[in-house]
Amino acid sequence: MQVRVEDNVVEAAPGSTVAGALAQALSGKRFKNAVAARCGAALLDLSATLPDDCAELAPVPADSQEGLEIIRHSAAHIMAEAVKKLFPTAQVTIGPAIEHGFYYDFAYERPFTPDDLAAIEAEMTRIARANHPFACRQVSKDEAKALFAGLGEHYKLEIIEDIPAASVSLYTQGGFTDLCRGPHIPATGFLTAFKLLSVAGAYWRGDEKRPMLQRIYGTAFGDAGDLKKYLARLEEAKKRDHRKLGVALDLFSFSEEAGPGMAIWHPKGELVRTILEDFERKEHLKRGYSLVRGPQILKREMWERSGHYDNYRENMYFTEIDEQAYGVKPMNCLAHMLIYKSRLRSYRDLPLRYFELGVVHRHEKSGVLHGLLRVRQFTQDDAHILCRPDQLLAEITSVITFVKDVLGLFGFEFEAELSTRPVKSIGSDEDWDRATRALTEALSALHMPYEINEGDGAFYGPKIDIKLKDALERRWQCATIQCDFTLPERFDLVYVDQDGSRRRPVMLHRVILGAVERFLGVLIEHAAGVFPTWLTPVQARILTVTEAHDAHAAHVLDRLTQAGIRTEADTRNEKLGYKVREAQLEKIPYLLVVGDKESEDGGVNVRQRGGKELGLMSIDETIALIRADCEEPFKRGGLSYNCCH
RNA sequence: GCCCACGUAGCUCAGUCGGUAGAGCACUUCCUUGGUAAGGAAGAGGUCGCCGGUUCAAUUCCGGCCGUGGGCUCCA
């Protein structure tokens, strides 16, 4: 039979292996780099027999995405072998490749310690050096069950039960056999660059009612250089941790006394927030939104009517006033409904766009709290748009444009995901079709690539989630646009149409940054604490050389402050180098040195964040320079903001 | 919520195999008046997360609680 491998066609005898066909077609180096092969949709082991219907075969190189996954999955098997060798009574469960590595979950009578990890890693190295081949065989489910029952691997039995196929495949390397659909690297020696990273608890099948297993995380790469780069990136992420930078830059803190999951904003952090929020308010006004504000707590009956009491109660806080039950708002929509209902609306009034920087409380489980990224009290840049069905597309389009403009301003890239109707949902097919179509049409009109999460929408409507990518390639969910069919229904929202009939408006929930707290946390890590000049709490600091220059410093401070530039003067009895160092660590964008020359000239000596010295400049020139720097990012999109006022 | 680890001065951390603790930075005072990433000296600062137990004695050992960190359906 003839098989095409890239640009070559090779003659393969029936029953010959995948490796055989590849070896004929590829150079030695490229063949060595292959860990598996692809035939159509199927991934094959190199040791597999070439399928009869295989017309085209593509090597899967070690450094490709698929190759990496195979190496990592194989690393998980090798780790399981090492664990069974060192801890024979441990039971193996599942061990997949994940985005940046792999894990394997074990059931064992005691927790694994860091010392255990070191021992397991050493054993893995030994196994890799031994270069045992991975051998695959197909067996009936009964045969597999008998095998794992004999080994006392109860979790494997449960997995086999759930497999619909009549037979399953087993992979053996060295003395270890695991249930696995494969494929795998040809031999353990292909695992050259790996590291075990951490141990953590994980429920069997992610179900908190089932036993807690021990998950060992590790990572593996095609070569040592990539592994080193990845580990360096982890180190870099640690340095940028917003919790550390928040303390270092004196932005915010958390207090055990105040309570978990609630940030306390210090002067500099609050200043950043205020500027960001001010920018958002102005930008929303420009785009036809109205600013509104609802109460922090609303009567329980409201939450019952909205459905939150039935569907979201676990995450809500309740209180009582004069024997009346109230719920602390976890979302801002209810008051916005009431504003809509406060008078009869005409089709001419729509769309109505209510924007609120709303403070919400959600009872997140204690174990998931994480700095600013997961808190119990936060401020959403939330809006609810009520429009006619024929306005839906235009509204969605303008929201997505808004998101693009704002995320672009901060230099974030992003990805969109469309979530469609889940099984358990309300609303007519027509509603869902129309809304889903509006979402997809808006995405394509704006040339936004997107992924579809089939059936992942909220029960009340389809949605678009936008995930931004930070400087370390991590993804964060921030913006979201959700269609809602239930709330207008439950609150009986209507408008009077052209023909005098009453119609139901369509509702969109949407956030741009999401939560202000989370966005700032992400921004701090993205920028390593270096805020853009327009947003940074202190834009300029005047540094005196000696106390003889205090008077001139006071003059400069006054001029810049009057010009709306956030300025401080450091007149401490310290050497210039010391003041420069501190200001650099605080990441202040402009350092204005005043000494004898500057005092005589009436100017300042400008040093930019990062160390570039611009020399002597007049005060007016300095003000113009800083203002231009503030405005620079806004030139990119359809945005403007006067931050110096 | 669950599993594991951790919790010592404002910050970063050392230390006590049970006898109430120490460094650097920051802070205060003094000396120094110094031109672009740390000038010098002295001083002050801790119920060793909280509560209970064991003990002659607990920051140290044990238990509970609180908080923080890493995880908890990327499916053989």
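Protein chains get the first letters and strands the later ones, always in sequence-line order, with residue 1 at the start of each. Since the model is a prediction, treat every value here as computed from it, not as a measurement.
Here the P atom of nucleotide B:A5 and the CG atom of A:L117 are 13 Å apart, to the nearest Å. Note: OH (A:Y103) to P (B:G71) measures 13 Å, nearest angstrom. If you measure from atom CD1 of A:I98 to atom C1' of B:C74, you get 8 Å, rounded to the nearest angstrom. For the pair A:D241 CG and B:C11 P, the interatomic distance rounds to 16 Å; values are reported in whole Å.
For A:F102 and A:Y104, the ring centers sit 6.0 Å or farther from each other. Taking the centre of each ring, A:F87 and A:F112 come in below the 6.0 Å mark.
Using a cutoff of 4.0 Å between basic side-chain nitrogens and carboxylate oxygens, A:D207 and A:R205 are not scored as salt-bridged.
Nearest-nucleotide mapping onto RNA chain B: of A:G206 and A:P111, the residue sitting toward the 5' end is A:P111. Projected onto RNA chain B by closest heavy-atom contact, A:H363 and A:L585 fall at different nucleotides, the more 5' of which corresponds to A:H363.
Summarising the base pairing, B:A38 is matched to no nucleotide, lacking a Watson-Crick or G-U wobble pair whose two defining distances lie under 3.5 Å.
Counting non-hydrogen atoms under 4.0 angstrom, A:D162 reaches nothing in the nucleic acid. Heavy atoms of A:I163 sit under 4.0 angstrom from at least one base atom. Counting any heavy atom pair closer than 4.0 Å across all strands shown, A:R215 reaches sugar-phosphate atoms only and no base atom.
OP1 or OP2 of B:C72 has at least one side-chain nitrogen or oxygen of A:Y217 nearer than 4.0 Å. The phosphate of B:U68 has neither OP1 nor OP2 within less than 4.0 Å of any side-chain N or O from A:R243. Taking 4.0 angstrom as the limit, A:H370 places a side-chain polar atom (N or O) nearer than this to OP1 or OP2 of B:G70.
Among the nucleotides B:C72, B:C75, B:G35, the one closest to the side chain of A:E598 is B:G35. For A:R607, the listed nucleotide lying nearest its side chain is B:A37; candidates were B:A37, B:U33, B:G69.
A:E517 places no side-chain N or O within 3.5 Å of a backbone atom of A:L372 that could act as its donor or acceptor partner.
The gap from the P atom of B:G10 to that of B:G53 amounts to 28 Å, rounded to the nearest Å. Comparing the same atom, P, in B:U28 and in B:U16 gives a spacing of 34 Å after rounding to whole Å. B:U8 and B:C51: their P atoms are spaced 16 Å apart (whole Å).
On a pure distance criterion of 3.5 Å, no polar donor-acceptor pair joins the side chain of A:E257 and the base of B:G49. Donor-acceptor pairing under 3.5 Å, judged by distance alone, is absent between the side chain of A:Y203 and the base of B:G71.
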